[in-house]
Amino acid sequence: MGRRVQCQILRRGFDSDVFVQNGLVTFYAKCGEIELANKVFWRLSERTIVTWTSMISGYVQNGQPLEALRVYGQMRKTNMKPEWITFVSVLKACGQVGSIDLAKWMDEYIASSEFKDAVVVNTALIDMYAKCGSINLSRDVFNRTKDKDVVMWSAMIAAYAVHGEGQEAIDLFKAMRKAGVPPNDVTFVSLLSACKHSGLVEDGWKLFHCMSEYSIQPRHQHYACVVDLLGRAGYLDRAYEFIRNMPMEPGLSIWGALLTACKIHQHVPLGELAAERLFSLDPYSTGHHVQLSNIYASARMWDRVSKLRVLMKEKGLSKDLGYSSIEINGKLQVFQVGDKSHPRFKEIFEELESLERRLKEAGFSIDAESVLHDLDHEETEETLCNHSERIAIAYGLISTPPGTTLRIIKNLRACVNCHAAIKLISKVENREIVVRDANRFHHFKDGNCSCGDYW
DNA sequence: GTAGGGTTAG
């Protein structure tokens with residue numbers, strides 16, 4: 001469709017208009033055609049700050065934060081002056097990268113600019129710090145901003161949510177009401193998400209039912225949060241009952257939440273029911289097949305596991321590749337499972353082996369059989385200690401002075417086995433380890449994790 | 001005067 005639109009534009013002679021060209025950049029980016037957007041962008045004879053911002057935000061929207069930052073760097077070389085909207089996109093890119101050093105640098109840079117008190121920029125800062133693993137720095141920005149609006153309050157609540165600080169989120173909601181700022185529907189999504197990450201079932205249930213007091217109609221997303229809230233806590237029948245009483249047709253996220261809950265609590269019948277709905281709504285999602293397979297694996301129903309694997313093969317589905325990244329001295333290192341591509345891989349694997357020995361001495365054991373069949377993660381049949389996050393941690397341990405906090409970003413959900421191992425690593429190595437997985441943050445310290453094993 | 005923007009699940 002994009003090409004046809006472009007042909008039309010060229011034929012009608014609008015191709016020299018900077019507004020039209022910028023529209024084209026934005027249009028391509030929003031269609032996911034980021035390469036085409038980039039092509040148009042570099043072909044332009046004139047680029048305004050809006051054009052640059054469109055290109056940066058285009059990369060952010062397409063999940064390519066490093067490219068976004070590269071374009072920002074190129075923009076700076078042209079002496080183009082950023083506007084506050086430009087910073088918002090750049091901050092978003094920093095949050096996606098997850099580098100706390102970069103985040104601090106941008107914060108300081110903005111603090112010296114004319115935008116230091118802009119609510120929208122500060123909201124982006126709060127979100128950025130939260131996504132880089134520092135809830136405290138998020139809170140600092142929040143505290144120093146004077147006229148907080150509903151979006152800023154909601155962003156701070158969402159920050160507590162991903163860090164598993166449910167009570168803080170609820171307390172902030174109370175403060176928000178006291179400050180006279182009315183919540184919106186997004187505030188409640190964040191609040192419910194905070195409750196479900198912390199197991200605050202009754203608080204979440206009450207919050208869901210008080211939405212009408214603010215004249216907010218619960219949307220599908222709110223219902224999905226409640227299903228997750230109940231399901232994760234083990235109230236599977238209550239969750240299913242809730243779904244059946246919904247005033248709208250339950251969609252993907254509802255059945256997805258139920259399926260996740262069935263995996264955690266090993267409930268085969270409801271899991272099969274949820275998966276059936278999911279397969280009919282979205283037949284080619286790898287994730288749903290993998291989750292059902294994992295439910296069978298945890299119930300040790302190996303025949304069904306292999307049947308499902310055959311089905312996946314027939315459908316041409318293969319599992320997503322897991323990877324983890326860690327930043328050392330400003331350089332981002334990405335590792336896959338069993339990754340031996342790093343120049344220091346020998347040292348890394350020696351460290352992994354020595355770690356595993358120390359963990360065993362400290363009494364660490366694993367449920368090898370079910371882990372090996374847990375398709376969710378990155379299994380190869382060789383060893384269990386070479387998951388990408390373990391390699392990233394080993395690399396972090398040999399590359400930083402003792403006591404340095406390690407910050408890892410993983411694209412999948414944390415694996416049960418690694419989660420247990422990292423808790424122990426934080427103790428035997430006396431390190432804080434912050435892991436951002438696909439859903440939330442885990443802060444490991446002294447043998448414990450901030451999620452309280454509830455994730 | 002036209003275009004680019006902050007909070008939302010797994």
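No experiment lies behind these values; they were computed from the predicted model shown. Chain naming here is simple, since letters A, B, ... match the order of the sequence lines and numbering starts at 1 in each.
Nucleic acid contact for A:Leu125: none, since no nucleic acid atom lies under 4.0 Å from a heavy atom of the residue. Here A:Asp228 lies in heavy-atom contact (under 4.0 Å) with sugar-phosphate atoms only. Note on A:His288: nothing from the nucleic acid sits closer than 4.0 angstrom, heavy atoms only. Residue contacts for A:Thr48: at a heavy-atom cut-off of 4.0 Å it reaches a base atom on one of the strands shown. Within the nucleic acid shown, A:Val119 comes within 4.0 Å of at least one base atom, counting heavy atoms only. Residue-level contact check: A:Asn22 touches the bases, meaning some heavy atom is under 4.0 Å from a base atom. Using a 4.0 Å heavy-atom criterion, one finds that A:Arg232 contacts the sugar-phosphate atoms exclusively. The residue A:Lys30 sits close only to the backbone: its heavy atoms come under 4.0 Å of sugar-phosphate atoms, none of a base.
Going from atom CZ of A:Phe173 over to atom C1' of B:dT7 covers 14 Å, rounded to whole Å. A:Ile49 places its CD1 atom 16 Å from the P atom of B:dT2, with the value rounded to the nearest Å. Rounded to whole Å, atom C1' of B:dG4 lies 15 Å from atom OH of A:Tyr72. Following rounding to the nearest Å, A:Trp153 (CH2) and B:dT7 (C1') show an atom-to-atom distance of 14 Å. Remark: P of B:dA3 and CZ of A:Arg47 are 21 Å apart, rounded to the nearest angstrom. In this structure, A:Gln21 atom CD and B:dT2 atom C1' are separated by 15 Å, rounded to whole Å. When rounded to the nearest whole Å, the span between CG of A:Leu259 and P of B:dA9 equals 19 Å. Between the CZ atom of A:Phe441 and the C1' atom of B:dA9 there is a distance of 15 Å, rounded to whole Å.
Nearest to the side-chain atoms of A:Thr53 among the listed nucleotides B:dG6, B:dT8, B:dG4 stands B:dG4. Checking B:dT8, B:dT7, B:dG4 against every side-chain atom of A:Val189, the shortest atom distance belongs to B:dT8. Listed candidates were B:dG5, B:dT2, B:dT8. Nearest to the side chain of A:Ser190 is B:dT8. Nearest to the side chain of A:Asn184, among B:dG5, B:dA9, B:dT7, sits B:dT7.
Of the side-chain N and O atoms in A:Gln61, none sit less than 4.0 angstrom from OP1 or OP2 of B:dG4. For A:Lys92 and B:dG6, the shortest distance from a side-chain N or O to OP1 or OP2 is below 4.0 Å.
Applying the 3.5 Å distance criterion, the base of B:dG6 shares a donor-acceptor pair with the side chain of A:Thr123. No hydrogens or angles were tested; on distance alone, a donor-acceptor pair under 3.5 Å links the side chain of A:Asp149 to the base of B:dG6.
A:Glu272 and A:Tyr296 share a donor-acceptor pair across their side chains, judged by distance under 3.5 Å alone. A donor atom on one side chain and an acceptor atom on the other are found under 3.5 Å apart for A:Ser99 and A:Glu327. A donor atom on one side chain and an acceptor atom on the other are found under 3.5 Å apart for A:Tyr160 and A:Arg139.
Aromatic rings from A:Trp455 and A:His442 are positioned such that their centres are separated by under 6.0 Å. Taking the six-membered ring for Trp and the full ring otherwise, the centers of A:Phe242 and A:Phe208 sit less than 6.0 Å from each other.
A cation-pi geometry, defined here as NZ or CZ lying under 6.0 Å from the six-membered ring centre and within 45° of its normal, does not hold between A:Arg76 and A:Trp52. Because its NZ or CZ atom is not both nearer than 6.0 Å to the ring centre of A:Tyr323 and within 45° of the ring axis, A:Lys410 does not count as a cation-pi partner of that residue.
The residues A:Glu67 and A:Arg70 are annotated as salt-bridged, a charged nitrogen and a carboxylate oxygen being separated by less than 4.0 angstrom.
Of all heavy-atom pairs spanning A:Leu200 and A:Leu229, the tightest one is O-CD1, 3.8 Å.
The stretch residues 80-89 of chain A comes close to DNA chain B through A:Glu83, A:Trp84, A:Ile85, A:Thr86, A:Val88, each having a heavy atom under 4.0 Å from the strand.
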